[in-house]
Amino acid sequence: HVQLVESGGGLVQPGGSLSLSCAASGNIFSIRVMGWYRQAPGKQRELVAIITSDGVTNYQESVKGRFTISRINAKNTVYLQMNSLESEDAAVYYCKAILEAEQGYVETYWGQGSQVTVSS
């Protein structure tokens, strides 16, 4: 069984910064893609940023220049550094991994969700 455990959510003031981390554990052969999604109340879940195993990244337009996604493959961990946070960024952030629990079998896993609150 594979688990994604997130940490780092919390309360931040507008313009402030916050960092999220997500570590995958269990029986993992390889991780193809890791990323972050978010869902605000009454809204659909949306992609924030993704990163491939070879470091290719993609960001939602609204977070470009403010958020940075990175990963340490050897630790099966992905990070999201969030700067210049705005009220529109407030949401529950979910880690996602597309991985092979065993060679050739691709599966998707989700983290438990981390609440990010932006308030003064």
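We number each residue from 1, following the sequence as shown.
At a threshold of 4.5 Å between non-hydrogen side-chain atoms, the residues Val116 and Leu18 count as touching. The shortest side-chain heavy-atom distance between Glu6 and Trp36 falls under the 4.5 Å cut-off. Ser62 has its side chain out of reach of Glu88: every pair of non-hydrogen atoms, C-beta onward, lies at least 4.5 Å apart. The shortest side-chain heavy-atom distance between Tyr59 and Val48 does not fall under the 4.5 Å cut-off. With contacts defined as side-chain heavy-atom distances shorter than 4.5 Å, the pair Gln112/Gln3 does not qualify. Counting only heavy atoms from C-beta outward, the side chains of Leu80 and Val78 never approach each other to under 4.5 Å. Tyr79 places none of its side-chain heavy atoms less than 4.5 Å from the side chain of Ile69. Looking at heavy atoms from C-beta onward, Arg66 lies in side-chain contact with Asp89 at the 4.5 angstrom threshold.
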Exercise. Please walk me through it: do Met34 and Tyr109 pass side-chain contact (heavy atoms from CB on, under 4.5 Å)?
Worked result: CA-CA 10 Å; Met34 297 190 80; Tyr109 289 87; over 6 Å; no
Problem set entry | Ile31 vs Ile98, side-chain contact (heavy atoms from CB on, under 4.5 Å): CA-CA, chis, key distance, verdict | CA-CA 6 Å; Ile31 299 180; Ile98 301 173; over 6 Å; no
Problem set entry | CA sep, side-chain torsions, deciding dist, call: Thr108, Lys96, side-chain contact (heavy atoms from CB on, under 4.5 Å) | CA-CA 7 Å; Thr108 299; Lys96 178 183 178 181; 3.5 Å; yes
For this session: With side-chain contact (heavy atoms from CB on, under 4.5 Å) as the test, would you mind laying out the steps for Val106 and Arg32 before giving the verdict?
Result: CA-CA 9 Å; Val106 180; Arg32 303 280 189 86; 3.7 Å; yes
For this session: Starting from the C-alpha separation in whole Å, work towards a yes-or-no answer on side chain to side chain donor-acceptor pair (under 3.5 Å) for Gln13 and Ser120.
Result: CA-CA 5 Å; Gln13 295 181 330; Ser120 59; over 6 Å; no
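Distance CG/Leu4 to CD1/Ile28: 7.5 Å, rounded to 0.5 Å. With rounding to the nearest 0.5 angstrom, the OG atom of Ser25 is 8.5 Å from the NE2 atom of His1. To the nearest 0.5 Å, atoms CD (Gln81) and OG (Ser70) are separated by 8.5 Å. The distance from atom OH of Tyr37 to atom CZ of Arg45, rounded to the nearest 0.5 Å, is 9.5 Å. Here the OG-CD1 distance, from Ser21 to Ile72, works out to 10.0 Å after rounding to the nearest 0.5 Å. Taking CZ from Arg71 and CD1 from Ile50, the interatomic distance works out to 10.5 Å, rounded to the nearest 0.5 Å.
Across Ala40 and Ala90, no two heavy atoms sit closer than the pair CB-O, 3.7 Å. Closest heavy-atom contact between Ala101 and Val2: CB-CG2, 4.5 Å. Nearest heavy-atom pair, Thr77 versus Ala23, reported as atom, atom and distance to 0.1 Å: OG1-CB, 3.7 Å. Gln60 and Arg38 get closest at one heavy-atom pair: OE1-NH2, 3.5 Å. When every heavy atom of Gln115 is checked against every heavy atom of Ala91, the shortest pair comes out as NE2-O, 3.5 Å. Looking at every heavy atom in both residues, Leu20 comes nearest to Gly8 through CD2-C, 3.5 Å.
Ring-plane geometry between Trp110 and Tyr94 is classed as perpendicular, the angle between the planes exceeding 60 degrees on a 0 to 90 degree scale with a lower cut at 30.
No donor-acceptor pair under 3.5 Å is formed between the side chain of Asn58 and the backbone N or O of Ala49.
Leu47 and Phe67 are assigned to two separate hydrophobic clusters, defined by single-linkage of ILVMFWY side chains at heavy-atom distances under 4.5 Å.
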